[in-house]
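None of these values were measured; they are calculated from a predicted model.
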Amino acid sequence: MDKAILTCALNGVLTDPTQHPVPVTPAQCAASAREAMDAGAAVIHIHFRQQEEGKGHLPSWDPKVATEIVGAIRDACPDILINATTGVVGPDYSGALDCIRVLKPEIAACNAGSLNYLKLRSNGEWAWPPMLFENQPSKIQDHLDVMAETNTIPEFECFDTGIVRSVAMYVQNGMTSCAQYNLVMGVASGMPVDPKLLEFLMPYMLKDSFWQATLIGRSELWQSHQKAAELGGMLRTGVEDTFYLPNGDKTRSNGPLIEALATCATNAGRAIASPAEAREMLGISPERS
């Protein structure tokens with residue numbers, strides 16, 4: 001890919017908006033998305049949060065909330081591509097599917113395999129009770145079926161190497177006709193942030209597939225962002241993934257993170273794709289803007 005498609009991971013979930021610069025309300029999300037687009041982002045990856053006072057750190061799967069947030073983003077950012085989350089822990093994921101049906105986003109996350117979601121404190125105790133982020137093939141198929149209905153590109157979230165390899169099986173089995181990868185690195189019980197691992201994974205993705213890496217951590221992750229740019233991937237960052245700029249300073253918002261990501265692309269000799277160019281590259285009809 002000559003031009004780099006930049007994705008802003010706008011807000012994520014669970015981080016406290018009273019302590020960190022994460023947008024929650026429709027107006028906040030729209031303003032932050034506009035800042036990211038002005039810095040070079042063509043895609044906005046969005047989580048939806050509860051709007052009640054004191055609950056802005058919690059997820060919302062209310063289609064009305066999702067519609068208001070995405071509507072505000074689209075009004076502020078003409079032609080921007082929306083990449084909607086679907087990540088649900090637990091057996092009931094109907095809310096995520098309802099949001100996809102209503103929003104009809106250009107892209108949506110599709111968690112491509114299960115993971116023991118673990119993290120330790122410095123004293124060896126669990127940071128939270130160990131839990132299974134369960135994404136069995138039947139759940140994945142349910143998501144793919146809805147995305148096919150809404151003409152949404154599934155972006156397969158891959159937390160370890162086995163999940164990366166599984167994506168080709170989903171295509172070969174006929175569960176989906178295309179594969180777009182998101183290599184999630186930095187979850188303590190998943191793949192580490194490592195530029196050498198990015199190189200290692202290249203042969204295990206379907207040929208000519210679009211891919212990007214979600215890199216979770218502090219300033220040390222920017223070496224891997226640079227490697228992703230050099231390897232020809234799409235590029236992603238935002239306050240969902242990190243609060244830290246390459247020099248170690250804490251970012252004030254999403255804009256400086258996207259500016260730093262654009263610099264990685266420039267250093268690799270790549271131009272930045274506009275939203276319209278990203279649509280053309282990904283095969284998305286302009287009528288969807």
For the atom pair [atom1] ([X]) and [atom2] ([Y]), what is the distance rounded to the nearest 0.5 Å?
{"X": "L245", "Y": "T237", "atom1": "CG", "atom2": "OG1", "result": "9.0 Å"}
{"X": "M281", "Y": "M234", "atom1": "CE", "atom2": "CE", "result": "8.0 Å"}
{"X": "N111", "Y": "Y93", "atom1": "CG", "atom2": "OH", "result": "12.0 Å"}
{"X": "Q141", "Y": "N173", "atom1": "CD", "atom2": "CG", "result": "7.5 Å"}

Checklist entry - Which residues pass the ring-ring contact (aromatic ring centres under 6.0 Å, His included) test with Y181, sequence neighbours left out? => result none
Item to check | Contacts of type ring-ring contact (aromatic ring centres under 6.0 Å, His included), residue Y244, not counting sequence neighbours | outcome: none
Distance-only check: which donor-acceptor pairs under 3.5 Å involve side-chain atoms of residues 31-41, not counting sequence neighbours?
residue : atom : partner : partner atom : Å
S32     : OG   : N254    : ND2          : 2.9
R34     : NE   : D38     : OD1          : 3.0
R34     : NH1  : A76     : O            : 3.0
R34     : NH2  : D38     : OD1          : 3.0
E35     : OE1  : S253    : OG           : 2.9
E35     : OE1  : G255    : N            : 3.1
E35     : OE2  : R252    : NH1          : 2.7
E35     : OE2  : R252    : NH2          : 3.4
E35     : OE2  : S253    : OG           : 3.0

So do the side chains of [X] and [Y] get within less than 4.5 Å of each other, counting heavy atoms only?
{"X": "F48", "Y": "V13", "result": "no"}
{"X": "I80", "Y": "I73", "result": "yes"}
{"X": "F133", "Y": "V187", "result": "no"}
{"X": "N267", "Y": "Q226", "result": "yes"}

Can a donor-acceptor pair be found, under 3.5 Å and without considering hydrogens, that links the side chain of [X] to the backbone of [Y]?
{"X": "E277", "Y": "P275", "answer": "no"}
{"X": "T242", "Y": "G238", "answer": "no"}
{"X": "H45", "Y": "N83", "answer": "yes"}
{"X": "S166", "Y": "G162", "answer": "yes"}
{"X": "N11", "Y": "H47", "answer": "yes"}
{"X": "N182", "Y": "E157", "answer": "no"}
{"X": "S189", "Y": "L118", "answer": "yes"}
{"X": "T152", "Y": "P105", "answer": "yes"}
{"X": "E240", "Y": "L10", "answer": "no"}
{"X": "W128", "Y": "Y117", "answer": "yes"}

Looking just at side-chain N and O atoms, do [X] and [Y] make a donor-acceptor pair shorter than 3.5 Å?
{"X": "R49", "Y": "T15", "value": "yes"}
{"X": "R236", "Y": "T214", "value": "yes"}
{"X": "E155", "Y": "Q212", "value": "yes"}

Carboxylate-amine/guanidinium proximity below 4.0 Å for [X] and [Y]:
{"X": "R279", "Y": "D79", "value": "yes"}
{"X": "D62", "Y": "K64", "value": "no"}
{"X": "R74", "Y": "E106", "value": "yes"}
{"X": "K139", "Y": "D142", "value": "no"}

Next on the checklist: Determine whether D241 and L215 satisfy the following criterion, side-chain contact (heavy atoms from CB on, under 4.5 Å), listing intermediate values before the conclusion.
Outcome noted: CA-CA 6 Å; D241 303 338; L215 305 177; over 6 Å; no
Checklist entry - Any idea how H20 and F243 line up, ring-wise: parallel (<30°), tilted (30 to 60°), or perpendicular (>60°)? => result parallel
Item to check | N247: partners by side-chain hydrogen bond (donor to acceptor under 3.5 Å, both in side chains), with sequence neighbours left out | outcome: D249
Checklist entry - Between E199 and K196, does a salt bridge (charged side-chain N to carboxylate O under 4.0 Å, His left out) hold up when you go through it step by step? => result CA-CA 5 Å; E199 290 188 273; K196 298 188 295 295; over 6 Å; no
Item to check | L221 vs I216, side-chain contact (heavy atoms from CB on, under 4.5 Å): CA-CA, chis, key distance, verdict | outcome: CA-CA 7 Å; L221 54 76; I216 301 167; 5.8 Å; no
Next on the checklist: For E134, give me all partners under side chain to side chain contact (heavy atoms under 4.5 Å, CB included), at least two apart in sequence or on another chain.
Outcome noted: S114, L132, Q136
Item to check | Residues clustered with V102, ILVMFWY side-chain links under 4.5 angstrom | outcome: none
